[in-house]
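Both backbone and side-chain heavy atoms feed into the values below; hydrogens, waters and symmetry mates do not.
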Amino acid sequence: MYIGIDLGTSSVKLLLVAADGKILNSVTQTYKVHYPRDGWSEQNPEDWYSGVIGGIMRLLVGQDKSAVKGVGVGGQMHGLVVLDKEDKVIRPCILWNDGRTEKQTEYLNEVIGRKVLSERTANIAFAGFTAPKILWLKENEPENFKRIDKIMLPKDYIVYRLTGKFATDYSDASGTLLLDVKNKRWHGDMLEICGIKETQLPRLYESYDAVGTLLDSVKKELQLSDRVTVCAGAGDNAAAAIGTGTIKDGDCNVSLGTSGTVFISNDAFSVDDKNALHSFAHANGKYHLMGCILSAASCNAWWMENVLKTTEFSAEQRGADKLRGKNDLFFLPYLMGERSPHNDTNARGAFIGLRPTTTRTQMTLAVMEGVAFALKDCVEVAKANGAKISSTRICGGGSKSPLWRQIIADVLNMPVETPKTQEGPAYGGAILAMVACGEYASVKDAADKLISITQTVTPDPEAAAGYEKRYAVFRQLYPALKNAFRLYQEL
């Protein structure tokens, strides 16, 4: 048996998976996100570890613990975790959706230069990336910066606590802006800019590489007696792509989690010429292009829980299906600013087109459509750069909504495939652990045997035509409001 872990933003999900791919048990442990200031987002890494240990204990109740052979972790990317020489966490982790680094991001892009960054790392600076966070820490908390002995990403903190091995993988490291993605090595010039040394960074591995085994103290706490191998794991989106079988050249996966992503697998290294998409290493040993919108299913949760004060999501969506492609209300899903393709920390959410006749159902639908349009922004950039995308797979909490799956199919105007197992990063983590333990010879072999499609949603021609017209309007809205968003910062 293998344990797959998805270290998410609001919770950690753990799966117990048999070698034949069958899910034997599933457990979710929640924890808090802290917002110390508007636009800031932090978490306590100890909360993650407590969630993982408590989750594994619950996961293995009634199971043959001696059958556990490996652990793989997929985790939220970009977060800055810093430890001192005693391995104590210096400060809360600054998360992927934190927007405090506008100044540092501008410095990297405008002073160091986008062209230089792209040549060195295959990417430009985005506020959520790790390097701008390191610069922010250096400038704003110099005493904490001086104490840094180890810099790691969220899932790497879990691996470190489980094994004592200071390690990361190429897919997660790609999002730091410190990695030479093409050549898979830390870039010395980027480290110098941030004022850090390579000894402060983890050793690099492929995602499916074994990095160590559980520490004796961890095995004792979990009551595990046999050798349990832990692999390097992957960033959550690369792990999700493994979990959905998005591994062949040109394969596409849409993830509707807290954030939303469009993930396009590539055999060869490539860079979007405008750097609107990320060019990262894939967990299968190759590469991928990815567009990331900072708010996806979280938009729906905000609308339902914070505004409508309900948890009956499906009830609120009743009747919305009839309005697909006909809704004249728009929603910009930039609740946490935006990354792809706008790279604007000042962007904000907005309803546009409100009238006295606007209904609650229209607003509910507009939120879902706005996320779909933002994902289409990323798909269109990929297509403009030569990507041939004829269909996509889908995963994440939002993908459980039949209405949202249909909206995605209509807006993208392509078939949307739902894998039999929709657990994304956790399932991908388990598959990587299987490869690390020799259960399968390669990630491709494992995916071919373990992953199948159970449903394909095809676009409705009438709705797709309506959405194409509405998307032309949606594309005009952010540019029209960009300056107003900037002025908000001066209020």
Side-chain angles (χ1 to χ4, degrees), residues 240-241 244-246 248 250-257 260-265 277 289-291 293 296-297 299-300 313-314 317-333 340-341 353 361-420 422 424 451-477:
T244 60
T246 309
K248 298 192 297 295
D251 281 355
C252 181
N253 182 64
V254 166
S255 176
L256 279 178
T261 59
V262 174
F263 185 108
I264 303 155
S265 180
L277 303 182
L289 289 175
M290 185 176 72
I293 64 173
C299 290
N300 200 39
F313 288 22
S314 58
Q317 295 167 11
R318 199 170 294 131
D321 185 67
K322 297 176 183 178
L323 298 174
R324 284 185 298 108
K326 302 173 185 177
N327 195 7
D328 64 355
L329 182 68
F330 291 89
F331 175 73
L332 298 186
S340 304
T361 300
Q362 281 181 283
M363 297 180 78
T364 297
L365 181 62
V367 170
M368 303 173 83
E369 291 171 336
V371 171
F373 284 142
L375 291 168
K376 184 175 175 68
D377 277 344
C378 299
V379 170
E380 291 304 308
V381 172
K383 286 182 175 180
N385 279 273
K388 307 296 183 184
I389 308 170
S390 57
S391 65
T392 185
R393 296 185 177 184
I394 194 166
C395 67
S399 71
K400 293 179 171 60
S401 164
L403 174 61
W404 220 343
R405 291 198 301 270
Q406 185 65 60
I407 291 170
I408 297 292
D410 294 340
V411 168
L412 299 185
N413 199 14
M414 66 176 68
V416 173
E417 301 172 338
T418 303
K420 180 180 179 181
Q422 299 180 47
I451 298 167
S452 60
I453 301 301
T454 58
Q455 183 190 39
T456 300
V457 178
T458 57
D460 176 280
E462 183 179 351
Y467 278 130
E468 192 63 30
K469 293 178 181 177
R470 281 157 178 77
Y471 177 64
V473 177
F474 179 87
R475 292 186 69 175
Q476 300 299 316
L477 299 178

Legend entry - Check: Asp251 side chain, Lys248 main-chain N or O, donor-acceptor pair, under 3.5 Å: yes
Inset, instruction - Would you mind checking if Glu417 and Arg405 are paired as a salt bridge, meaning a charged N to carboxylate O distance below 4.0 Å? - result: no
Legend entry - Glu369 side chain near Ile407 side chain, heavy-atom distance below 4.5 Å: yes
Inset, instruction - Measure the OG-CZ distance between Ser255 and Arg393 for me, rounded to the nearest 0.5 Å. - result: 14.5 Å
Inset, instruction - Of all the heavy-atom pairs spanning Phe331 and Ala366, show the shortest one and how long it is. - result: CB-O, 3.3 Å
Inset, instruction - Measure the CG-CZ distance between Leu329 and Arg470 for me, rounded to the nearest 0.5 Å. - result: 11.0 Å
Legend entry - Nearest-0.5 Å distance that lies between atom CG in Leu375 and atom CG in Leu256: 6.0 Å
Legend entry - Thr454 side chain vs Thr418 backbone, donor-acceptor pair below 3.5 Å: yes
Inset, instruction - Grab the two heavy atoms, one from Pro333 and one from Ala374, that are nearest each other, plus how far apart they are. - result: CG-CB, 3.9 Å
Legend entry - Asp377: salt bridge (Lys or Arg N to Asp or Glu O under 4.0 Å) partners, not counting sequence neighbours: none
Legend entry - Short side-chain donor-acceptor distance under 3.5 Å, Asn413 and Glu468: no
Inset, instruction - Using modelled atom types only, decide if a donor and an acceptor are shared between the side chain of Ser399 and the backbone of Gly396 within a distance under 3.5 Å. - result: yes
Inset, instruction - List in chain and number order the residues that pass side chain to side chain contact (heavy atoms under 4.5 Å, CB included) with Asp460, two or more places apart in sequence or in another chain; answer none if no residue qualifies. - result: Arg324, Gln406, Asp410, Glu462, Ala463
Legend entry - Spacing of CG belonging to Leu323 relative to OG1 belonging to Thr364, to within rounding of 0.5 Å: 10.5 Å
Legend entry - Side-chain touch Cys378/Leu277, heavy atoms, less than 4.5 angstrom: yes
Inset, instruction - For residues Leu332 and Phe474, determine if any side-chain heavy atom of one lies less than 4.5 Å from a side-chain heavy atom of the other. - result: yes
Legend entry - Shortest non-hydrogen contact between Gly291 and Ser340, atoms and distance: CA-OG, 3.6 Å
Legend entry - Atom pair CD (Gln362) and CG (Asn327), whose distance is rounded to the nearest 0.5 Å: 5.0 Å
Legend entry - Heavy-atom pair of closest approach, residues Pro415 and Thr456: CB-CG2, 3.9 Å
Inset, instruction - Side-chain contact test, heavy atoms from C-beta onward, threshold under 4.5 Å: evaluate it for Gln317 versus Ser401 and give yes or no. - result: yes
Inset, instruction - Taking ring-ring contact (aromatic ring centres under 6.0 Å, His included) as the test, write out the residues that go with Tyr467, two or more places apart. - result: Phe373
Inset, instruction - Could you pull out the closest heavy-atom pair between Gly245 and Ile451, with the gap in Å? - result: N-CD1, 3.3 Å
Inset, instruction - Provide the closest heavy-atom pair for Ile389 versus Ala382 in the form atom of the first, atom of the second, distance. - result: CD1-CB, 4.2 Å
Legend entry - Gap separating the CG atom of Asn253 from the OG atom of Ser391, nearest 0.5 angstrom: 10.5 Å
Inset, instruction - Taking the side chain as every heavy atom from C-beta outward, state whether Ile293 and Val371 have any pair of such atoms under 4.5 Å apart. - result: yes
Legend entry - Validation row: Val473, Phe330 side chains within 4.5 angstrom (heavy atoms): yes
